[in-house]
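Sequence positions, counted from 1, serve as the residue numbers for this chain. Note that the structure is a prediction, hence the values are computed from the model and not measured.
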Amino acid sequence: MPDDLGSKDKRQLEALARAALIVKLSAQGEISSGYAADTLGVSRRAFLDLLGDYGVSIFDPATDVAAEAGHA
């Protein structure tokens with residue numbers, strides 16, 4: 001176990017695991033960012049920042065931005 005994790009107690013590790021699960025479910029499109037934020041007890045903006053911490057883009061790569069903007 002990395003040293004920085006070894007210093008955390010069970011409650012802190014459970015919170016990290018819960019956040020990681022919620023981020024993964026959001027990234028897979030299983031839950032909305034609003035629901036994820038509510039579940040974690042943070043603002044939607046804080047959850048979007050958390051996505052960045054995990055390297056998850058807040059943008060859907062399947063979205064055709066040009067078509068959405070009416071330039072297609």
- Query: Ignoring hydrogens and geometry, is there a side-chain-to-backbone donor-acceptor pair from Gln12 to Asp9 under 3.5 Å?
  - Reply: yes

- Query: With a 4.5 Å limit on heavy-atom distance, are the side chains of Ile22 and Leu50 in contact?
  - Reply: no

- salt bridge (Lys or Arg N to Asp or Glu O under 4.0 Å) pairs, two or more places apart, involving residues 12-32: Lys10-Glu14

- Query: Of all heavy-atom pairs between Ser43 and Ala37, which one has the smallest distance, and what is that distance?
  - Reply: O-CB, 3.6 Å

- Message: Suppose we screen for side-chain contact (heavy atoms from CB on, under 4.5 Å). Which residues come up paired with Tyr35, at least two apart in sequence or across chains?
- Response: Ile31, Ser32, Thr39

- Task: Enumerate the residue pairs fulfilling salt bridge (Lys or Arg N to Asp or Glu O under 4.0 Å) with a member in residues 32-50, sequence neighbours excluded, ordered by first and then second residue.
- Result: Arg45-Asp49

- Message: side chain to side chain contact (heavy atoms under 4.5 Å, CB included), that's the test. Do Ser57 and Leu51 meet it? Break it down for me.
- Response: CA-CA 7 Å; Ser57 175; Leu51 289 178; over 6 Å; no

- Task: To the nearest 0.5 angstrom, please state how far the CG atom of Leu21 sits from the CG atom of Leu40.
- Result: 9.0 Å

- Note on the structure: Of all heavy-atom pairs linking Ala36 and Phe47, the shortest is CB-CZ, 3.4 Å

